[in-house]
Amino acid sequence: MLDRPHPTPTAPTLDPFALAKSMSGYHFIGGGYVPSRSGKTFAVVNPATGAEVARTAEGDASDVDAAVQNAAEAQKAWAKMPARKRGALVHACAAVIREHVEELAKLIALETGKALRTESRVEANTVADILEFFGGLGSELKGESVPFAPNVLSVTVREPLGVVGAIIPWNVPMLLMTLKVAPALVAGNSVVVKSAEEAPLAVLRICELMNRILPPGVFNMLSGFGPECGAPLVEHKLVRKVTFTGSVETGKIVARAAANKLIPVTLELGGKSPMIVFADCDFAKTVSGALTSMRFTRQGQSCTAASRIYVERPIFDAFVAEMKKAVDTMVMGDPLDEKTDIGTIISHDQFAKVQGFIDEGTKTAGATAHVCSAMPSDPALKKGLFLRPVIFTGLDASSRLVREEIFGPVTVMQPFDDAEAVLAEANDSDYGLAASLWTNNLKVGLDLAHRLEAGLVQINQNLVVQANLSYGGVKSSGLGKEASLEAMLEHFTHKKTIMVNMA
Ligand code: NAI
Ligand code: MG
């Protein structure tokens, strides 16, 4: 590391602007910061003001090759280390992250526009939690002894796959990255992450912090655009597994490229998650549950956002009214301000996409747009990508707003009359990531939970992904699971059979 530039402060820093600047222009390869081979960089923008806060390295195939070669070399010794020792090192990374929670929270708030108190700090703490969880699982990398014949000892062992390529999105980049990196490392793989172009900084700092504990080369970070940097990572011949979180469209491209090489791929894709509210629910708790379920504090930029809310007809009007009232009290403003509940949309592209959906819904005959909360008044934020949350009623099931992932602060609400009909509507979707049911009748709730087409169904709560609970969608929402022991074993190892003839 000594021959490399070390541009960043060693101690935790609470000035995200200075930290962002200091990290400008680098990947993290082989245990140190390195600029891109081409020397090219691109802007990282604060979406709350429109100001450039840093420039990040623009990676291409030659940077990918350098990172993967480093990772492949480092993986040999890493795989030979006892699994519990690898786990202990990953666990030790959690302590370093905990010392830097405030720093990371501010940095991610700066680059993504996610509110510090409601979103960014929560995400930073979750990173440490995930590292602690997987760090304890080293000794679970067990094989079996298999009955075959007397005098033939037949066993299976879990082996790492080699270099893992991980491609991540911008909405919860620190958490979604850790769900990949932690199990991959504990299982004995090395990792090359390609960060999302909109949010490369906080994950780069995490990579640096973890590299204070890990041997050089086992965890590397590249920034760059999808086709120029993500695609060569998937295609690199030494990459033996790809794990991806992002859009369905890009997920299919990644899966096709992985199929060409016949390597396994895990995909966490989008969602259009239904929330089903029965009249017998705990009304106040469910209204507040709708706000968290819709992830309004994150401007709805979540793959598990409750973007279709079905409410039993007798309480429909009251529910819509109470929900609007509650969202109205949420404060939209500077993401770095502790008073702020709701920050910004990530980028101009995403803003235009969401605005397009809102315009289409507003123009639809019979539909009502209940526009909530208020724009921030601070003139410093006038170029900020703030969007007032919208609750739509009166759209029918064929509307694009009901069928497509909006990934913004927009939810559609519809009344229903009976459980079978609402189940059919909820399942009438290309997606199948998550769902929630709100009722005090557990007989009805459990019956529907079993029949909903989704990877995660929650009754009377709607939490985000949690360490130890398998997470991943069905249908177009993805392939494979994350976050659990099963995820580590099935997605980051292969089972080798060894037979010994002792006759
Ligand atoms: P995206 O799926 O294009 O980007 C995700 C990651 O894939 C980024 O790191 C990107 O650089 C990379 N990538 C793009 N093209 C690639 C390629 N050809 N090969 C390898 N990697 C590639 O998502 P994007 O464009 O940021 O957002 C578009 C929409 O996707 C959003 O509006 C939202 O609906 C959805 N989305 C869903 C997410 C989820 O958590 N399920 C996260 C982000 C976006
Ligand atoms: Mg894209």
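In listed order, ligands and their atoms are each counted from 1.
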K.L.:
Can Asp65 and His236 be counted as having a side-chain donor-acceptor contact under 3.5 angstrom?
P.N.:
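There is such a pair (donor and acceptor under 3.5 Å, judged by atom type) between the side chains of Asp65 and His236.
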
K.L.:
Taking the minimum heavy-atom distance to atom 17 (C) of ligand 1, which of Gly226, Gly224, Pro200 ranks first?
P.N.:
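Heavy atom nearest to atom 17 (C) of ligand 1 belongs to Gly226.
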
K.L.:
Can you list the atoms of ligand 1 that are under 4.0 Å from a heavy atom of Gly270?
P.N.:
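Listed by number with element: 41 (N).
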
K.L.:
Using a 4.0 Å cut-off to any heavy atom of Lys194, which atoms of ligand 1 qualify?
P.N.:
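So the atoms of ligand 1 that pass are 8 (C), 9 (O), 10 (C), 11 (O).
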
K.L.:
Using a strict 4.0 Å cut-off to heavy atoms of Phe244, name the atoms of ligand 1 that fall inside it.
P.N.:
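Near Phe244, meaning under 4.0 Å from one of its heavy atoms, ligand 1 has 2 (O), 6 (C), 7 (O).
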
K.L.:
Show me the pairs that pass ring-ring contact (aromatic ring centres under 6.0 Å, His included) and involve residues 170-212, at least two apart or across chains.
P.N.:
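Of all non-adjacent pairs touching residues 170-212, those that pass ring-ring contact (aromatic ring centres under 6.0 Å, His included) are Trp170-Phe407.
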
K.L.:
Considering only heavy atoms of Leu269, which atoms of ligand 1 have at least one such atom less than 4.0 Å away?
P.N.:
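Those qualifying, in numeric order: 41 (N).
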
K.L.:
Below 4.5 Å, heavy atoms only, C-beta onward: do Lys475 and Tyr431 meet side chain to side chain?
P.N.:
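A side-chain contact is absent here, since even the closest heavy-atom pair is not under 4.5 Å.
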
K.L.:
Check whether any N or O atom of Ile168, backbone or side chain, sits under 3.5 Å from an N or O atom of ligand 1, and answer yes or no.
P.N.:
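Ile168 vs ligand 1: N/O contact under 3.5 Å present.
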
K.L.:
For ligand 1, is any non-hydrogen atom under 4.0 Å from Ser195's backbone (N, CA, C, O), its side chain (CB onward), both, or neither?
P.N.:
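It is the backbone that gets close, since no side chain atom is under 4.0 Å.
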
K.L.:
Taking the side chain as every heavy atom from C-beta outward, state whether Glu482 and Lys180 have any atom pair closer than 4.5 Å.
P.N.:
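Contact flag for Glu482/Lys180 side chains = yes.
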
K.L.:
Just jot down the ligand 1 atoms closer than 4.0 angstrom to any heavy atom of Ile253, in number order.
P.N.:
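Once the distances to Ile253 are compared, the set is 18 (N).
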
K.L.:
Under 4.5 Å between any side-chain heavy atoms of Tyr471 and Leu456, yes or no?
P.N.:
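In short, these two side chains touch, coming nearer than 4.5 Å.
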
K.L.:
Hey, could you give me each pair passing salt bridge (charged side-chain N to carboxylate O under 4.0 Å, His left out) that has a residue in residues 223-252? Not counting sequence neighbours.
P.N.:
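Found none.
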
K.L.:
List every atom of ligand 1 that sits less than 4.0 Å from any heavy atom of Gly230, numbering the atoms from 1 in the order shown and giving each element.
P.N.:
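This gives 19 (N), 20 (C), 21 (N) as the contact atoms.
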
K.L.:
With a heavy-atom distance limit of 4.0 Å, tell me whether Glu197 approaches ligand 1 through its side chain, its backbone, both, or neither.
P.N.:
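For Glu197, the contact with ligand 1 is made by the side chain alone.
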
K.L.:
Using a strict 4.0 Å threshold on nitrogen-to-oxygen distance, state whether Lys324 and Asp328 make a salt bridge.
P.N.:
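Answer for the salt bridge query: yes.
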
K.L.:
Is Thr245 in polar range of ligand 1, meaning some N or O pair under 3.5 Å apart?
P.N.:
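No, there is no polar N/O contact under 3.5 Å.
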
K.L.:
Begin from the C-alpha positions of Lys106 and Glu102 and carry the test salt bridge (Lys or Arg N to Asp or Glu O under 4.0 Å) through to its verdict.
P.N.:
CA-CA 6 Å; Lys106 289 192 166 172; Glu102 264 328 281; 5.1 Å; no

K.L.:
I need the atoms of ligand 1 closer than 4.0 Å to a non-hydrogen atom of Ile167, numbered in the order shown.
P.N.:
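Listed by number with element: 6 (C), 7 (O), 9 (O), 12 (C), 20 (C), 21 (N).
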
K.L.:
State whether Arg403 and Asp430 are salt-bridged, where the test is any N-O pair (Lys NZ or Arg NE/NH1/NH2 against Asp/Glu carboxylate O) under 4.0 Å.
P.N.:
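Judged by the 4.0 Å cut-off on N to carboxylate O distance, Arg403 and Asp430 do not form a salt bridge.
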
K.L.:
Could you tell me, atom by atom, which parts of ligand 1 come under 4.0 Å of a heavy atom of Pro169?
P.N.:
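Close to Pro169: 42 (C), 43 (C).
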
